[in-house]
Amino acid sequence: MKQILFAIAILFVSGSCAYSQELVKQAPNGFDSLHTDIPHGRIDTIGYASKTVGVTRRALIYTPPGFSKKKKYPVLYLLHGIGGDEKEWLNGGKPQVILDNLYAEGKIEPMIVVMPNGRAMKDDRPTGNIMAPDKVQAFADFEKDLLTDLIPYIEKKYPVLTDREHRAIAGLSMGGGQSLNFGLGNLDKFAWVGGFSSAPNTKSPEQLVPDAEAAKKQLKLLWISCGDNDRLITFSKRTHDYLYEHNVPHIYYIEPGVHDFKVWKNGLYMFSQFLFKPVDTSSFMKYTVLGTPASTNVRSASYPQVLPDNRVVFRIKAPNAQKVQIDLVKKYDLVKDTGGYWGVTTDSVSEGFHYYSLLIDGVALADPASETFYGMGRLASGIEIPFRGGGYYAVKNVPHGDIRIKRYYSATTNTWRRMFIYTPPGYDVNTNEKYPVLYLLHGGGEDESGWATQGRTDLILDNLIAAQKAKPMLVVMMDGNFSTGIAGFNEQALRAFEGELKQNVIPFIEQNYRAATNASARALAGLSMGGLQTLYAGIKNTDMFSYLGVFSSGWWNNQPALSGPQYEFMKNNATTINNNLKSFWIAMGGKEDIAYNNCKIMLAKFDEMNIKYNYSEYPGGHTWPVWRNNLYNFAQELFK
């Protein structure tokens, strides 16, 4: 009994140690060096009759150390690039050395590796113009040769397992595109698919994975890897972005490098260790060396990078600084290396757009690697975090409207002011059509550019209009700043805003744009401070606006001198307000929204006064991801 307990204890301890081992994310030095003191596999050249091409074609085949015809093996089909042939992997990648070493370390399952010529034509040598149309087409034609000629030959001549769970396909460059095209296009044949630095022959993601649910059920592993300085990385990234949005488990592996065998050998080293074993899809996001430069970076800036699990990597050169921090949701201390660079990896950051600051020796600065956005009362850095549900504000292949910047003279402030105006697709073509108008207001510390840049208003409306979920409309984003900070935000500032809107902005729009002028074709909405402006000017002018939207806002409970008269007006005019408004839409960012309590108190008063409204919550607090979602939903309510 003691022996059994001791054995169990040993297993538990060894299992715990294995679990706690650091994840291997990159091949170690010497992984591709020949070791004479270990068993070696064998490389042979084979010839198979190709009915597809009409000739006998060649391939290399690797059999593992200790190969026995009495045992059945899984198979990896490993494909070359556009300038290679069946020997490219052998000459440039040393696959037999890499695999022998992995076998010796007990890191991979015994498998047969077939390296065919992926150029399915009679003269399949990589000579002359390798980009000639017939040679490029031959790479696509190889799919038939692979499925109907080569695989049957291998399964007839070698002791292999013939079910899809024991068949993998992977390749480099053009072969990476082939692997994705053929593997994902034939999930009844392949359960393991890998693309290393996949080339432009890679089909669009929508073609590769037309049925995400089927792919989730059938794939054991989908691996996409590339060097960070590879000019073809866009093809890997677009595939990853689509898979991420559609929640298809996969590994998106980025490492330092270009379009060469250094990257591809490491790809084979990493990919082969997953094959023909149980896999844990929850660990997939951990497998990468580098992140993807944020879409909000300035041109050519490598950092900040967003990792697959939405942690953010910062790397900043400040050799003379004493202390460097990043303020992104919370503050992080950066660590300095010997080259004068400071770095840190944050916790996982929630979806969408976030402001952040670089603090050097206590001074808050905009990160020179980031685009700047007017927010927090100054130009600040911002970062876009990928979001599975963010397709509604993504750039898509749909008709696009315009964002126009107009200056106008304000008789209220006696100054020139600026507004941003979204015009829908077809505005300049449909010259006889008049459009309804949404007047959309920013928050405190921001300006008229906020909804156009941080808010992605044009993309949200473009996609909604294309999907026929929203009416084509003008969206006017005016400057709502008429006070200096919270201390100056009072009824006088609200009256100034109302005057600007009614006396200057609306007349300017209706004189210069084809805007419908009836109340049923006007909406007013805003976030935070803009929500208070909507409550003030919208409620008092329901004869002008049939739709009101209040995002993350509510009358301040601790300022009865400001809120009291507003509630009194609503109480005395409840019937008129209810009759005039087709939609009074109020939304919050959940309990974490700083305006949540004020809003809840305000809604309780609305209930007492029998004011009709619709209430919505979207978690995320007092942030742009929430307000984008608010606009997306509110716009669908308008002008119907």
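Throughout, residue positions are numbered sequentially from 1 according to the sequence presented.
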Do the side chains of [Y] and [X] get nearer than 4.5 Å, heavy atoms only?
{"X": "L638", "Y": "K471", "value": "no"}
{"X": "N297", "Y": "P304", "value": "yes"}
{"X": "S370", "Y": "I383", "value": "no"}
{"X": "W585", "Y": "F551", "value": "yes"}
{"X": "N557", "Y": "N597", "value": "no"}
{"X": "M419", "Y": "V505", "value": "yes"}
{"X": "F584", "Y": "I539", "value": "yes"}
{"X": "T292", "Y": "I233", "value": "no"}

Under 3.5 Å side-chain donor-acceptor pair for [X] and [Y]:
{"X": "D327", "Y": "Y355", "answer": "no"}
{"X": "E255", "Y": "S225", "answer": "no"}
{"X": "W264", "Y": "S197", "answer": "yes"}
{"X": "R417", "Y": "T412", "answer": "no"}
{"X": "E637", "Y": "N614", "answer": "no"}
{"X": "Y303", "Y": "D367", "answer": "no"}

Closest contact, heavy atoms only, [X] versus [Y]:
{"X": "W555", "Y": "S563", "result": "CB-CB, 3.7 Å"}
{"X": "A587", "Y": "N630", "result": "CB-ND2, 3.5 Å"}
{"X": "V349", "Y": "I385", "result": "O-CG2, 3.6 Å"}
{"X": "I586", "Y": "C599", "result": "CG2-SG, 3.8 Å"}
{"X": "I254", "Y": "G291", "result": "CG2-O, 4.3 Å"}
{"X": "A294", "Y": "V306", "result": "CB-CG2, 4.2 Å"}

Please confirm whether [X] and [Y] have ring centers closer than 6.0 angstrom.
{"X": "Y287", "Y": "F274", "answer": "yes"}
{"X": "F373", "Y": "F353", "answer": "yes"}
{"X": "Y618", "Y": "Y632", "answer": "no"}
{"X": "Y536", "Y": "F497", "answer": "no"}
{"X": "F420", "Y": "W451", "answer": "no"}

Please confirm whether the backbone N or O of [Y] pairs with a side-chain atom of [X], one donor and one acceptor, at under 3.5 Å?
{"X": "N463", "Y": "A394", "value": "yes"}
{"X": "H250", "Y": "N247", "value": "no"}
{"X": "S553", "Y": "V550", "value": "no"}

> Between Y435 and T423, does a side-chain contact (heavy atoms from CB on, under 4.5 Å) hold up when you go through it step by step?
Replying inline: CA-CA 9 Å; Y435 294 86; T423 55; over 6 Å; no

[X] [atom1] to [Y] [atom2] distance, which is reported to the nearest 0.5 Å:
{"X": "L365", "Y": "L379", "atom1": "CG", "atom2": "CG", "result": "12.5 Å"}
{"X": "L328", "Y": "T346", "atom1": "CG", "atom2": "OG1", "result": "6.0 Å"}
{"X": "Y356", "Y": "S381", "atom1": "OH", "atom2": "OG", "result": "4.5 Å"}
{"X": "K323", "Y": "D361", "atom1": "NZ", "atom2": "CG", "result": "9.5 Å"}
{"X": "D593", "Y": "E617", "atom1": "CG", "atom2": "CD", "result": "9.0 Å"}
{"X": "D479", "Y": "Y408", "atom1": "CG", "atom2": "OH", "result": "7.0 Å"}

Just checking [X]: does its [atom1] atom have more than 12 heavy atoms from other residues, nucleotides or ligands closer to it than 6.0 angstrom?
{"X": "K600", "atom1": "NZ", "value": "yes"}
{"X": "N397", "atom1": "CG", "value": "no"}
{"X": "Q26", "atom1": "CD", "value": "yes"}
{"X": "R388", "atom1": "CZ", "value": "yes"}

>> Before you tell me yes or no, could you show the steps for M478 and N504 under side-chain contact (heavy atoms from CB on, under 4.5 Å), namely the whole-Å CA-CA distance, both residues' side-chain angles and the distance that decides it to 0.1 Å?
In response: CA-CA 11 Å; M478 62 177 284; N504 297 296; over 6 Å; no

>> As a quick check of understanding, evaluate salt bridge (Lys or Arg N to Asp or Glu O under 4.0 Å) for K406 and E448, giving each step before the final call.
In response: CA-CA 11 Å; K406 298 295 291 185; E448 65 276 12; over 6 Å; no

Would you call the rings of [X] and [Y] parallel, tilted or perpendicular if under 30° counts as parallel and over 60° as perpendicular?
{"X": "F271", "Y": "F196", "answer": "perpendicular"}
{"X": "Y244", "Y": "H240", "answer": "tilted"}
{"X": "Y269", "Y": "F31", "answer": "perpendicular"}

> Going through the distances and angles, do N541 and E498 end up as a side-chain contact (heavy atoms from CB on, under 4.5 Å)?
Replying inline: CA-CA 10 Å; N541 295 279; E498 181 186 15; 2.9 Å; yes

>> Applying side-chain contact (heavy atoms from CB on, under 4.5 Å) to L562 and E491, what does each step give before you reach the verdict?
In response: CA-CA 6 Å; L562 177 61; E491 186 152 6; 4.0 Å; yes

> Within 45° of the axis and under 6.0 Å from the centre of the six-membered ring of Y393, does NZ or CZ of R628 qualify?
Replying inline: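 The answer is yes; both the distance and angle limits are met.
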
>> I'd like to know whether K262 forms a salt bridge (Lys or Arg N to Asp or Glu O under 4.0 Å) with D260, so could you lay out the CA-CA distance, the side-chain angles of the two residues, the decisive distance to 0.1 Å, and finally the verdict.
In response: CA-CA 6 Å; K262 179 177 178 293; D260 65 10; over 6 Å; no

